[in-house]
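All chains are named by letter (A, B, ...) in the order of the sequence lines, taking the proteins before the strands, and each is independently numbered beginning at 1.
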Amino acid sequence: MRLQRNVTCGELRAKDIDREVILAGWVRNRRDHGGVHFVDLCDRYGITQVRFDPGQEAILEGLKSEYVIALRGKVEARPEGQINADRPTGEVEVKVLEVEVLNTSKTPPFEVQEEIEAKEDTRLKYRFVDLRRRPLAEAMVFRSRVTQIIREVFHDEDFVDIETPLLTKTTPEGARDFIVPSRLQPGMVYALPQSPQLFKQVLMVSGLDRYYQICKCLRDEDLRADRQPEFTQLDMEMSFVRPDDVFAVVEKTLQRLWKELKGVDLPLPFPRMSYAEAMARFGIDKPDTRFGLELVDMSDLAATTGFKVFSGAVASGGSVRAIRVPGGASMPRKKVDALEKVAKEYGARGLAWVKWNEDGFQGPVGKFLQESELHPMLERAGAEPGDLLVFVADRDAVVFAALAHVRLHLGRTLDLIDESRTDCLWVVDFPLFEYDEEAGHWSAMHHMFTMPKEPLPAKGEEGDLSGVLGDLYDLVVNGVEMGSGSIRIHRPEVQRRVFELVNLSEDDVEAKFGWFLRALEYGAPPHGGIALGLDRLVMVMLGRDNLREVIAFPKNSRGVCPLTESPSEPLGDALDVLGLRFVGVASDDAPQDA
RNA sequence: GGCCCGGUGGCGCAAUUGGUUAGCGCACCAGACUGUCGAUCUGGGGGUUGAGGGUUCAAGUCCCUUCCGGGUCGCCA
């Protein structure tokens with residue numbers, strides 16, 4: 001490299017006119033006018049137009065898309081009427097004096113510009129090109145600012161940044177672990193952490209008092225638009241605290257982030273809502289509160305109707321709930337059917353509905369209910385002529401899931417969501433346990449280390465645990481689950497009892513958690529904390545709808561990295577060294593049945 | 001594992017009821033043009049329609065199998 005840049009492509013202004021400068025960057029968008037030629041020279045900082053005058057064609061011949069060049073040139077004012085107001089550098093251009101080609105480039109698989117239509121798989125394979133695009137590059141820079149501000153806040157608040165191990169102990173329940181076989185302990189495995197949960201609690205036992213870490217977490221589960229197998233958490237834990245103390249730190253952090261990066265004042269404190277209320281009003285524990293369409297419980301009215309779908313659901317312990325869609329009577333049948341499809345995806349057997357038109361009631365509910373049965377329902381829903389009511393009748397779990405997603409579908413398709421709003425919400429008082437049908441016993445809804453809000457049932461009096469609340473909280477932003485935390489159990493005997501209630505044998509407890517119980521036995525202080533999903537946080541702040549837009553090198557929906565083509569077959573004797581072999585893997589060079 | 005959508009030049013898409021030589025835009029290459037800024041104009045090259053099998057006089061199109069991608073349910077304490 002002979003020419004070394006002394007300015008970036010984003011910084012030249014009118015005040016720089018007549019300077020001789022050296023720029024470096026990527027060649028984009030050549031514009032050839034026969035005599036004069038223009039090239040957009042781009043880097044992370046911006047775009048500078050450079051000009052080649054007649055006689056410089058030979059240089060230009062050697063410059064193709066995405067070639068990397070350095071050039072010496074003179075900053076000049078653009079002629080009258082030629083200023084590009086869309087660009088910070090638009091008042092000037094650089095007349096080329098000398099060019100050094102630093103590297104050539106193959107023709108890129110897609111163009112490096114704001115909007116592209118390339119398939120995501122192509123983009124991931126050529127991520128190095130994709131990351132040159134402004135929206136992606138900006139997301140990376142934005143994310144870096146986010147972590148920087150987080151570190152400032154936590155430093156100011158006297159938190160200690162402590163790293164916890166990546167090679168750790170596999171734990172039962174929760175997500176599937178990624179496993180790392182141990183060479184030094186043949187037959188044994190480490191697990192990659194699903195979160196640093198127990199380590200941070202141990203740090204509290206150690207008296208470190210306020211811990212935080214921006215750390216990778218790994219879970220071997222199927223992927224989604226908002227779920228990657230490896231993701232980043234802002235993890236924190238504090239001693240001698242109540243939920244309010246945890247909330248305050250999180251609120252302060254988000255307020256700083258929104259203020260500094262988006263110029264938005266988030267009002268504090270964030271509103272709080274119980275789990276029970278969230279379910280009753282929205283059917284989901286992470287409600288998007290930016291629009292209405294809340295659920296209405298019709299169970300008592302439905303119980304006495306002659307419509308068996310309704311009365312039957314209530315009789316068997318379920319419920320009948322509805323959503324009123326203002327003005328929905330004019331919704332075409334096709335769209336109503338689409339709603340039913342959503343409901344069915346979430347287990348509902350159907351979606352009952354009624355349209356209130358000038359000429360009366362239309363739809364299955366209008367048909368099967370007497371007007372005397374229908375009227376109290378309309379009244380409770382606050383319905384008016386022109387409205388549509390949709391109903392689901394089933395077990396509560398199904399009714400909630402179906403209507404919650406019908407509601408979201410309506411919110412999106414009817415354009416009811418004010419995207420400029422940021423609704424932060426604490427959802428609190430979650431049940432501690434939920435019944436695992438498959439396993440046939442109770443299990444922890446959040447995790448097994450959450451402090452119960454009330455004394456646990458004594459031995460022999462377990463019964464229904466669904467009413468036991470935990471000191472648990474979720475942070476929800478615009479309907480996205482942003483974080484989850486709790487006040488933890490710090491007394492070993494309470495911890496042992498919870499293990500018991502979720503059906504862990506004493507032997508299991510000793511083998512899996514003996515080390516942790518030992519820590520609790522040596523002066524564990526009351527403590528609690530939370531972990532926020534950093535990728536989701538950045539995603540929501542940037543208004544993107546896919547995690548892959550805010551992660552530099554994400555996996556695709558099958559857990560494959562198209563850039564590196566990982567995962568790949570083990571190299572050489574890697575398996576032998578570990579004493580492993582694959583069995584039952586169908587492929588050309590592996591026997592299907594050993 | 002289930003369901004929905006998709007796979008056609010480098011990239012994005014089209015192709016009527018199964019019917020001519022598989023089109024279009026961008027990119028690429030060449031030519032024209034002294035002020036563009038996603039330049040414009042003219043011309044050109046580039047295809048085993050993901051793979052395999054089947055039906056048919058004829059398949060991008062229909063059927064079967066399979067692979068790959070996106071979304072989603074289950075799963076994700």
Side-chain angles (χ1 to χ4, degrees), chain A residues 28-42 47-57 61 64-66 76 78-87 89-90 93 106-126 129-130 171-177 194-195 197-198 217-229 231 338 341-342 344-347 401-402 405 409 430-434 436-439 442-450 470 472 481 484-486 498 502 531 533 545-546 548 556-558 560 562 586:
Chain A
R28 224 156 276 165
N29 246 333
R30 292 175 300 155
R31 295 180 291 277
D32 174 353
H33 288 270
V36 66
H37 300 63
F38 302 101
V39 163
D40 284 340
L41 194 66
C42 303
I47 304 174
T48 297
Q49 170 165 289
V50 300
R51 191 185 80 235
F52 295 78
D53 285 329
Q56 293 186 302
E57 287 82 2
E61 283 289 296
K64 310 278 182 189
S65 271
E66 299 306 312
E76 295 185 354
R78 295 197 185 188
E80 198 74 20
Q82 302 291 339
I83 286 170
N84 185 343
D86 296 335
R87 283 184 197 161
T89 61
E93 65 193 20
K106 287 188 168 182
T107 300
F110 46 84
E111 291 161 78
V112 181
Q113 55 190 31
E114 295 260 329
E115 303 283 335
I116 54 164
E117 287 167 334
K119 244 177 303 187
E120 195 155 10
D121 218 38
T122 312
R123 291 177 48 202
L124 291 178
K125 182 170 176 185
Y126 296 93
V129 176
D130 201 20
T171 52
E173 302 219 0
R176 199 172 294 116
D177 286 325
Q194 297 180 25
S195 81
Q197 182 62 34
L198 295 181
C217 299
L218 301 108
R219 297 176 188 178
D220 188 8
E221 296 291 347
D222 287 4
L223 291 82
R224 290 285 186 283
D226 62 352
R227 245 161 56 190
Q228 284 272 312
F231 59 101
K341 205 177 148 212
V342 172
K344 282 183 170 171
E345 250 176 69
Y346 290 87
H405 289 92
H409 180 88
F430 282 76
L432 200 50
F433 302 101
E434 62 189 343
D436 185 337
E437 304 275 353
E438 211 173 304
W442 292 88
S443 65
M445 190 160 177
H446 176 62
H447 60 47
M448 294 177 281
F449 315 105
T450 297
L472 244 170
E481 184 191 328
S484 197
S486 63
V498 169
V502 299
D545 53 10
N546 195 311
R548 293 183 295 263
N556 71 12
S557 76
R558 296 185 145 220
V560 168

Please compare A:G81 and A:G35 by the position of their nearest nucleotide in RNA chain B and report the one closer to 5'. A:G35
Whole angstrom is fine here: how far is it from CZ in A:F110 over to P in B:C11? 11 Å
Establish, with yes or no, whether the OP1 or OP2 oxygen of B:U36 is under 4.0 angstrom from a side-chain nitrogen or oxygen of A:Q82. yes
Can you check the A:Q194 CD to B:C76 C1' distance for me, whole Å? 9 Å
Sub-3.5 Å donor-acceptor pair from the side chain of A:Q56 to the main-chain atoms of A:P54, do we have one? no
Heavy-atom distance under 4.5 Å between the side chains of A:E66 and A:K106, does that happen here? no
For the pair made of OH in A:Y126 and P in B:A27, what is the distance, rounded to whole Å? 19 Å
In whole angstroms, how far is the C1' atom of B:U34 from the CD atom of A:Q56? 13 Å
Looking at residues at least two apart in the chain, or sitting in another chain, which of them share a ring-ring contact (aromatic ring centres under 6.0 Å, His included) with A:H447? A:F449
If you measure from the P atom in B:G10 to the same atom in B:G50, how many Å do you get, rounded? 13 Å
Run the side chain to side chain donor-acceptor pair (under 3.5 Å) test against A:E120 and tell me which residues pass, sequence neighbours left out. A:R548
Write down the distance separating the C1' atoms in B:U48 and B:G9, rounded off to the nearest Å. 12 Å
Using the P atom on both, measure B:G52 against B:C67 and round to a whole Å. 15 Å
4.5 Å side-chain heavy-atom contact, A:S443 and A:E434: yes
Output for pair (A:T122 OG1, A:D130 CG), nearest 0.5 Å, gives 10.0 Å
side-chain N/O A:T122 vs B:G10 OP1/OP2, d < 4.0 Å: no
Counting side-chain heavy atoms from CB outward, which of B:C37, B:C29, B:U34 is closest to A:V36? B:U34
Rounded to whole Å, please give me the gap between CD in A:E66 and C1' in B:C26. 15 Å
For A:S195, which contact category applies under a 4.0 Å heavy-atom criterion: base, sugar-phosphate, or nothing? base
Going 5' to 3' along nucleotides 65-73 of chain B, which nucleotides have protein heavy atoms under 4.0 Å from the base (write B), which only from the sugar-phosphate (write S), and which from neither (write -)? ---SSSSSB
What residues form a side chain to side chain contact (heavy atoms under 4.5 Å, CB included) with A:S557, not counting sequence neighbours? none
Rounding to the closest angstrom, what is the interatomic distance between B:G60 and B:U17 at atom C1'? 15 Å
When the C1' atoms of B:C75 and B:A58 are considered, how many whole Å apart are they? 48 Å
Heavy atoms under 4.0 Å, any strand shown: does A:P79 hit a base, just sugar-phosphate, or nothing? base
In whole angstroms, how far is the P atom of B:U36 from the CD atom of A:E80? 13 Å
Under the rule for side chain to side chain contact (heavy atoms under 4.5 Å, CB included), what residues qualify as partners of A:A401, not counting sequence neighbours? A:Y346
Note, A:Q49 side chain near A:R31 side chain (heavy atom, < 4.5 Å): yes
Euclidean distance for C1', B:U49 against B:G23 (whole angstrom): 13 Å
Looking only at atom P, what distance separates B:G19 and B:C63, rounded to whole Å? 15 Å
Hey, are the side chains of A:I47 and A:L41 touching, using non-hydrogen atoms and a 4.5 Å cut-off? no
Give me the distance, rounded to whole Å, that separates B:A32 from B:G70 when you measure between the P atoms they each carry. 46 Å
Report which part of the nucleic acid A:K64 touches: base, sugar-phosphate, or nothing (heavy-atom distance under 4.0 Å, all strands). sugar-phosphate
Watson-Crick or G-U counterpart of B:G10, or none if no pair lies under 3.5 Å: B:C26
Closest heavy-atom pair, A:D32 versus A:H37, reported as atoms and distance to 0.1 Å, is OD1-NE2, 3.0 Å
Need to verify one output field. Residue with the more 5' nearest nucleotide on RNA chain B, A:R51 or A:E434? A:R51
A:M445 CE to B:C76 P, in whole Å, measures 12 Å
Heavy-atom donor-acceptor pair, A:R78 side-chain to B:C37 base, under 3.5 Å: yes
B:U16: pairing nucleotide in any strand, Watson-Crick or G-U under 3.5 angstrom: none
Could you run down nucleotides 38-43 of chain B 5' to 3' and tag each one B, S or - for protein heavy-atom contact under 4.0 Å? BB----
